[in-house]
Amino acid sequence: MRSYRSSFSGDRTRQRIKFSDERVCKSHLLNCCPHDILSGTRMDLGECLKVHDLALRADYEIASKQQDFFFELDAMDHLKSFIADCDRRTDIAKKRLADTQEEISAEVAAKAERVHELNEEIGKLLAKAEQLGAEGNVEESQKVMDEVEKTRICKREAEEIYRSSMPASSFQQQKLRVCEVCSAYLGLHDNDRRLADHFGGKLHLGFIEIREKLDELKRIVAEKQEKRNQDRMKRREERDREERDKMKRRSRSRDGRRHCSSSREHKRKTRSRSRDKRHHRSRDRSRDRSSKSKYVL
C-alpha cells in the first residue's frame, strides 16, 4: 500500500497527531478508503486528501476495543458520496451510448441484454475458477469450469436468437454496455479472456469491495444508532423515574410537616381550652364564694 501525505508520516507526526484527529481519514482506519482499494487501477484516485498511516490504524484498532468512536458514520458518508459520484458517471455513460449507438427496438434490445447477462455470468465464473486454481483448489475450479461450459452453450443460443432478429451488418457492430458495478464498457462480442480479465480484475473487484463495505457500514450505523436511541430512551426513563421519586419524597415531606404543624396546633388549642376551662371554673368558684358571703351578712 502506498504511503499518503508524506508530510504527516513518520514518528514525528505520530507524536503530534492522533487517530481521532479530523485530518485522519476514518475510511482508512476502517480499511475501506477508495484511494487504497483502487490504487494501481485504471481509476487510480491518487493520494487521499486526508492522512493515511498504518500506525494510526493500529492505534485505533486497539482503542476501539475499549471505546466506540462511531467512525463508521464518517466512513459511510465518504463511501456514499464516492459511490453516488460513480453511479452518476455510469448514468452519463449509458446516455452517451444510447445517443451514439444505432437505435434498435425494445425487443432486439432485450435479446442483446440477454447476451450481455450471459457474458457477465461467464466472466464471473472464469474469474472464480482462476482464483480457485490459484489457491490450489483444483477440484472446485473444475466444477466451476463445467458451469462455464453450460453457460457458453446458453450464450451461443442467445447470440443466435439476437443475430436472427437484425441485419448481419448491424450484428457485426460492437454493441457496448456499461458495467453497473465499475462503469467500465463491456462489448457484446467480448471473448472469454476479456470477460475474465474484467470481472476478475482489480478495478471491478475493488468496486465490489467498496459497495459491499458501504452496505456493511449502513447496517452497522443503523444498529448503533438504534442502540444509542434505546440507551437515550432508557436514560430518559430513569431520569423521569428519579424525578417522580423525588417529587414523591418531597410530597411525603410536606405531608409530614403539615401533620406535625397540625398536631402542634391541636395541642395548642387543647391547652388553650384547658386554660379556658380552668379560668371559668375559677370564676365560678369566686362567684359562689361571693354569693355565700352576702347571705351570711
Side-chain angles (χ1 to χ4, degrees), residues 1-2 27-28 30-45 72 75-76 78-80 82-87 89-91 93-94 97 109-163 174-220:
M1 182 185 299
R2 292 178 300 182
S27 300
H28 171 70
L30 292 166
N31 196 26
C32 63
C33 181
H35 292 264
D36 289 338
I37 296 172
L38 299 179
S39 171
T41 69
R42 180 175 57 81
M43 286 188 62
D44 191 314
L45 302 171
E72 290 86 357
M76 182 189 74
H78 181 195
L79 296 194
K80 280 176 68 175
F82 175 76
I83 290 298
D85 186 52
C86 292
D87 289 343
R89 288 200 301 270
T90 298
D91 291 338
K94 286 180 177 180
L97 281 180
K111 294 174 181 178
E113 181 66 19
R114 177 56 179 162
V115 177
H116 275 301
E117 290 174 353
L118 291 167
N119 270 344
E120 182 172 336
E121 187 174 347
I122 289 172
K124 290 178 178 178
L125 289 171
L126 286 172
K128 182 179 180 180
E130 289 181 0
Q131 179 64 32
L132 289 169
E135 294 172 355
N137 198 336
V138 179
E139 185 177 349
E140 288 298 319
S141 177
Q142 186 57 51
K143 288 181 181 179
V144 175
M145 287 304 300
D146 292 341
E147 294 181 43
V148 170
E149 288 303 319
K150 294 177 183 177
T151 310
R152 281 173 176 159
I153 294 173
C154 294
K155 177 189 172 183
R156 285 194 292 271
E157 293 174 352
E159 283 180 330
E160 185 60 34
I161 294 173
Y162 171 62
R163 180 185 292 108
Q174 178 73 310
K175 299 297 181 183
L176 297 177
R177 180 191 187 193
V178 180
C179 179
E180 298 286 350
V181 174
C182 65
S183 303
Y185 287 107
L186 299 173
L188 186 70
H189 307 305
D190 285 345
N191 59 36
D192 290 352
R193 183 69 266 159
R194 164 78 174 93
L195 294 171
D197 288 344
H198 172 79
F199 291 104
K202 187 176 180 181
L203 177 64
H204 187 84
L205 295 178
F207 268 94
I208 290 177
E209 181 180 348
I210 293 170
R211 291 177 184 275
E212 288 179 348
K213 187 64 178 181
L214 176 57
D215 290 339
E216 179 187 353
L217 288 171
K218 287 179 179 178
R219 177 184 58 77
I220 292 173

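Here, residue 1 is the first one in the sequence, and each next residue gets the next number.
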Any non-hydrogen side-chain atom of Ser141 less than 4.5 Å from a side-chain atom of Glu135?
no
For residues 145-154, pull every pair meeting salt bridge (Lys or Arg N to Asp or Glu O under 4.0 Å), keeping only residues two or more places apart or in separate chains.
Glu149-Arg152, Arg152-Asp192
Approximate separation, where rounding is to 0.5 Å, of Lys213 NZ and Ile208 CD1:
16.0 Å
Side chain proximity check, Val181 to Phe199, heavy atoms < 4.5 angstrom
no
Who passes salt bridge (charged side-chain N to carboxylate O under 4.0 Å, His left out) against Arg114, sequence neighbours left out?
Glu117
Report the distance from atom CD of Glu120 to atom CZ of Arg177, rounding to the nearest 0.5 Å.
5.5 Å
About how many Å separate NZ of Lys80 and CG of Asp85, when rounded to the nearest 0.5 Å?
14.5 Å
Would one find more than 12 heavy atoms of other residues, nucleotides or ligands at under 6.0 Å from atom CD of Glu139?
no
Closest heavy-atom pair, Gly187 versus Leu176, reported as atoms and distance to 0.1 Å, is CA-CD2, 3.9 Å
Provide the closest heavy-atom pair for Met43 versus Leu38 in the form atom of the first, atom of the second, distance.
O-CB, 4.1 Å
When rounded to the nearest 0.5 angstrom, what distance separates CD1 in Ile210 from CD1 in Ile37?
4.5 Å
Just do the side chain to side chain contact (heavy atoms under 4.5 Å, CB included) check on Glu140 and Val144 with the steps written out, would you?
CA-CA 6 Å; Glu140 288 298 319; Val144 175; 5.6 Å; no
Within a radius of less than 6.0 Å around NZ of Lys128, do more than 12 heavy atoms belonging to other residues, nucleotides or ligands occur?
no
State whether the side chain of Lys202 and the backbone N or O of Ser39 hold a donor-acceptor pair below 3.5 Å, judged by distance alone.
yes
Can you measure from OG1 (Thr41) to CG (Leu205) and round to the nearest 0.5 angstrom?
11.0 Å
Within the 4.5 Å heavy-atom criterion, are Glu121 and Val148 side-chain neighbours or not?
no
Minimum side-chain heavy-atom gap Ser27-His35 below 4.5 Å
no
One should read off an interatomic distance between Ile153 CD1 and Leu118 CG, to the nearest 0.5 angstrom, of 12.0 Å
